[in-house]
Amino acid sequence: MQGTEEPLAMEMAEQQAQADAVAAEMRLQDRVRQIANDLDRLAKDAVSKRVTVEDRWYEDLRQYHGRYDERTETKLKSADRSRLFVNQTKPKTNAWKARLSDLLFPTDDRNWGVQPTPVPELATAAKTPQDHPDDAQRQAGDQARAKLEDAKLRAEAMQAEIEDQLTESRYGIHCREAIDDACVLGTGILKGPVVDSRTRRSWGKVPVRQPDGSMAMVDAMVEVRDPRPKYTRVDPWRFYPDPNANQVEECEHFFELHLLSKTELRRLAKKPGFSADAIRRLLKEDSRETPPPWMAQVRSITDGDKGAVEGKFTVWEYNGPLTAEQLCCLYGAKGDHDAAAEYGEIDPLDEVQAVVWFCQNEVIKFGIHVLDSQDPIYSAFCFSRDKGSFWGRGVPSLMRDTQSALNAAWRMMMDNGGLSTGPQIVIDRNKVEPADSSWDLKPRKIWFAKPDAVGTNGMRAVFETYSIDSRQPELLNIIKLAQEFIDDEVSLPLIAQGEAGAHQTQTANGMAMLQNASNVIFRDAVKDWDDEVTVPNIRRLYDWNMQFNPKEAIKGDFEVDARGTSVLLVREAQAQNLMTMCMQFTGHPVLGPLVKAAPLLRKTVQAHMISADEIVMTDEEIAQAQQAQQQAQQQNQGQDDPRVAIEMEKLKAAMQKAQLDAETKIQVAQINRETELAKLAAAQNLTVEQMRTKLQMQVADQDHKDRIFAAEVGFKDRQAAKEQAAIVHVAPAGQPTPHPAPMPAGTRFAP
């Protein structure tokens, strides 16, 4: 009896343990769903608090695409008034976008760099000369120089690795899209580095079982996981930061919305880290939701499609802190009990930065923040920062009022033009009637006069016309004034758009000064990009490589150098300065030998956005050319007279000096001329252009007077010659020919 009770008790204990395990698993799943529900409420709170910003974005998009809102469109249509839209917003926005993209992402240079962290002690020790009498100091100097050189090589290797990673993730393309968002909506969002778990195909040796049962290594294509860091642009419409923060650094959490179809959700289940069971439950329930209202609204603005948007799976990505208890539940539900126990031992007051993907109370993925630095993986660039909000303002928002004034003036001009082109005609219906029974006016129309229309004084006036005054000049002044206001409001003068504007300059220095003055606003925008995007992104990518990259040769203590304002923005002025140096210094008899010609030429070509490797010879090619030239000179040394070569060099130097002196005199003369013109203009209260025009008129008047004087003198000379010829005659034979009478002093013959 006792032997029968023991197995029964053990079986009951096992059943109880299984029931307890199932109950614990259910409680754990309920807790996980509760975590997803809490995050979902937090996300919806962020959505509700961004409604006012989205209303402003609707207006920005309508203005960018040249559309009126439905209320204004209906009002104008019902009043039968002009509905034209003078779209000055789109060209101004595109000009800003193109200018920033060209400055920040040139084709032949980077807007960032990686430099070793300066160590003053090493820099001081490295200055010790190698022939220092003290052996200890000399050895310390050699070691310091070796460390600095090693740090420089490692920094160059890290820079090359980061550049390769950015190229693979198409960093420049995503940044240009973010700049587009910032110019139109006011804010551009970049995300990274995130791990791209893509597979890479390669050929290699793989074991294959032979028919006889043995294993052999054969060549085959294999897919290898190659985790690489990448950056992506985030649509501002799908990005919901902490509503209580004004900058990325102040945000406690971020939400990113992913609207996925069934196919995209199935594809997501095959990626590492995602829960296939949770996604399977979502697909089985097929509880797709209606997309947010902004999606249909944006589609109707951009392409005019007002149809319903198909339902999607609303998947949220949460980046922010989780408590230790929440992490224990998530790891326990995942089956990683070791990690659950590890996070269960930390202080409940501590928070850990984590990433959670959830949809309809189902957690489909979660993990710890990828970087040990715990820095946020998002960067935000504001075109015009609003200090009271996270979201900035774009070009359409800045010029909205002036664009409205421009549209109003243009509509009034069209309406006034339609009314003023023809008169208003008043017809007395009691006096005439149309022959065709239609009261519409048209050419060669016949009207019948009624009997009472003719009186004692004949036919009275039955048609009277009234003209509407044209107000085109007044409205045109409003339009021009609005255009000037737009340039001021968006800080984009005509000179920055490639147009000279109202005031043209005649000198290269004056044009350079105007271009430099117009670049002040661009320098401010580029500096904001450097501070808000470039430095954080490259710093995070540097941290990722230090944490995960297996290459030890690239690791070291480095700092990120943002070079947007220091190098790229001054490229135009730098190109002009380099051209001047090439022309004046390379041929100078004294300064020419001191200039490195090849590096100067490379910098000049690079400043013109042309690859120097395609045009300029490399150092090896230059050395080979010089060596070949020396060999040719040595072969011809016995044949040529060295004195001739010396004289040729002297002649060449003299010609170069004369050319340089002439160019200097011409430049000095031009400067003196401009200075005198400016003084003369100031003395007469005129502009330089007016003074230049006045001098040209005086020169033309003087030239006209000289031509008249020359013509008069020539006419008098010809008359005197004819009179003298009439006096001269042939004398009779044997008599001397009479001499002509002497001409008055100062008389000239006409040529």
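Fair warning: this is a prediction, and the values are worked out from it, not measured in the lab. Both backbone and side-chain heavy atoms feed into the values below; hydrogens, waters and symmetry mates do not.
- Residues forming a salt bridge (Lys or Arg N to Asp or Glu O under 4.0 Å) with Asp45 (at least two apart in sequence, or on another chain): Lys49.
- Using a 4.5 Å heavy-atom cutoff, the side chains of Gln483 and Val86 are not in contact.
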Query raised in the report: side chain to side chain donor-acceptor pair (under 3.5 Å) between Asp372 and Gln547: does it pass, once the steps are laid out?
Result: CA-CA 8 Å; Asp372 292 341; Gln547 185 175 346; 3.0 Å; yes
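- No donor-acceptor pair under 3.5 Å is formed between the side chain of His253 and the backbone N or O of Ala43.
- Between Ile554 and Ile162, every side-chain heavy-atom pair lies at or beyond the 4.5 Å cut-off.
- The backbone N or O of Asp557 lies less than 3.5 Å from a partner atom in the side chain of Thr117, making a donor-acceptor pair.
- Judged purely by atom type and a 3.5 angstrom limit, Asn407 has no side-chain atom pairing as donor or acceptor with the backbone of Leu84.
- In terms of modelled atom types and a separation under 3.5 Å, the side chain of Asn37 and the main chain of Asn361 share no donor-acceptor contact.
- Here CZ of Phe485 is found 4.0 Å from CG of Leu481. Values are rounded to the nearest 0.5 Å.
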Report task. For Val526 and Leu100, run side chain to side chain contact (heavy atoms under 4.5 Å, CB included): C-alpha distance rounded to whole Å, both residues' side-chain angles, the deciding distance at 0.1 Å, then the answer. Result -> CA-CA 7 Å; Val526 171; Leu100 288 179; 4.2 Å; yes
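- Note: Met399 CE to Thr93 OG1 = 7.0 Å, rounded to the nearest 0.5 Å.
- Using a 4.5 Å heavy-atom threshold, the side chains of Phe313 and Ile364 count as separate.
- Side-chain atoms of Ser300 come within 3.5 Å of backbone atoms of Gln297 as a donor-acceptor pair (strictly under, hydrogens ignored).
- Of all non-hydrogen atoms in Val490 and Lys92, the two that sit nearest each other are CG2-CD, 4.3 Å.
- With hydrogens and angles disregarded, a donor-acceptor distance shorter than 3.5 Å links the side chain of Thr187 to the backbone of Gly392.
- Residues Leu406 and Ile479 are in side-chain contact: their nearest non-hydrogen atoms beyond the backbone lie under 4.5 Å apart.
- Atom CZ of Arg170 has 12 or fewer heavy atoms from other residues, nucleotides or ligands within 6.0 Å.
- Taking Pro536 as the reference, Ser379, Arg540 meet the side chain to side chain contact (heavy atoms under 4.5 Å, CB included) condition, with sequence neighbours excluded.
- A salt bridge links Glu532 with Arg385: the distance from a Lys NZ or Arg NE/NH1/NH2 to an Asp or Glu carboxylate oxygen falls below 4.0 Å.
- Distance alone, capped at 3.5 Å, places no donor-acceptor pair between the Trp316 side chain and the Leu39 backbone.
- The aromatic ring centres of Phe85 and Tyr68 sit less than 6.0 Å apart.
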Query - Residue pair Ser169, Arg228: steps toward the side chain to side chain contact (heavy atoms under 4.5 Å, CB included) verdict - result: CA-CA 9 Å; Ser169 65; Arg228 304 278 290 176; over 6 Å; no
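- Checked against Tyr378 for a ring pair (Phe, Tyr, Trp, His ring centres under 6.0 Å), the options Phe255, Phe254, Tyr240 give a single hit: Phe254.
- Nearest heavy atoms, Leu322 versus Leu327: CD1-CD2, 3.9 Å.
- With a 4.5 Å cut-off on side-chain heavy atoms, Thr534 and Phe381 do not count as touching.
- Using a 4.0 Å cut-off between charged side-chain N and carboxylate O, Arg233 and Asp180 make no salt bridge.
- By the 4.5 Å heavy-atom criterion applied to side chains, Leu398 and Ser384 are counted as neighbours.
- Proximity of Pro229 to Phe548: side-chain heavy atoms (C-beta onward) are nowhere separated by under 4.5 Å.
- Within a 6.0 Å radius of CZ in Arg41, other residues, nucleotides and ligands contribute more than 12 heavy atoms.
- Closest heavy-atom contact between Asp181 and Val234: OD2-O, 4.2 Å.
- Within 6.0 Å of the CH2 atom in Trp544, the count of heavy atoms belonging to other residues, nucleotides or ligands exceeds 12.
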Report task. Begin from the C-alpha positions of Met295 and Leu259 and carry the test side chain to side chain contact (heavy atoms under 4.5 Å, CB included) through to its verdict. Result -> CA-CA 10 Å; Met295 195 169 182; Leu259 300 175; 3.5 Å; yes
Requested in this report: Mind running side chain to side chain donor-acceptor pair (under 3.5 Å) on Tyr64 and Asn94 for me, showing each step along the way?
Outcome: CA-CA 10 Å; Tyr64 179 78; Asn94 292 341; 2.9 Å; yes
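- The minimum heavy-atom distance linking Val560 with Val535 is given by the pair CG1-CA, 4.3 Å.
- The pair Glu168-Lys230 fails the salt-bridge criterion, with no side-chain N (NZ, NE, NH1 or NH2) lying under 4.0 Å from an Asp/Glu carboxylate O.
- In this structure the side chain of Glu59 never reaches within 4.5 angstrom of the side chain of Asp69, judged on heavy atoms.
- Of the possible donor and acceptor atoms, one in the side chain of Gln159 sits under 3.5 Å from a partner among the backbone N and O of Val114.
- Ionic pairing of Lys191 and Glu317 is present here: one or more N-O contacts between side-chain nitrogen and carboxylate oxygen are shorter than 4.0 angstrom.
- Scanning all heavy atoms of the two residues, the minimum distance from Phe390 to Cys382 falls at O-SG, 3.7 Å.
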Requested in this report: Decide side chain to side chain contact (heavy atoms under 4.5 Å, CB included) for Tyr318 and Phe366; before the verdict, give the C-alpha distance in whole Å, the side-chain angles of both, and the deciding distance to 0.1 Å.
Outcome: CA-CA 9 Å; Tyr318 168 78; Phe366 88 95; over 6 Å; no
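- The aromatic rings of Tyr231 and Tyr171 sit perpendicular to each other, their planes meeting at more than 60°, with 30° as the lower class boundary.
- For the pair Gln326 (side chain) and Ile35 (backbone), a donor-acceptor distance under 3.5 Å is absent.
- None of Arg400, Lys90, Gln88 except one satisfies the side chain to side chain donor-acceptor pair (under 3.5 Å) rule with Gln63; the exception is Arg400.
- Ion pairing of Asp531 with Lys527 is present here, as a side-chain N (NZ or NE/NH1/NH2) and a carboxylate O approach within less than 4.0 Å.
- The side chain to side chain contact (heavy atoms under 4.5 Å, CB included) test with Asn545 is passed by exactly one of Lys551, Lys555, Glu161: Glu161.
- Remark: Arg50 qualifies as a cation-pi partner of Trp391 under the 6.0 Å distance and 45° angle criteria applied to the six-membered ring.
- Thr302 and Arg67 make their closest contact through O-NH2, 3.9 Å (heavy atoms, listed as atom of the first residue, atom of the second, distance).
- Between Trp57 and Trp237, the ring centre distance stays below 6.0 Å.
- In this structure a side-chain-to-backbone donor-acceptor pair under 3.5 Å is present from Gln403 to Thr89.
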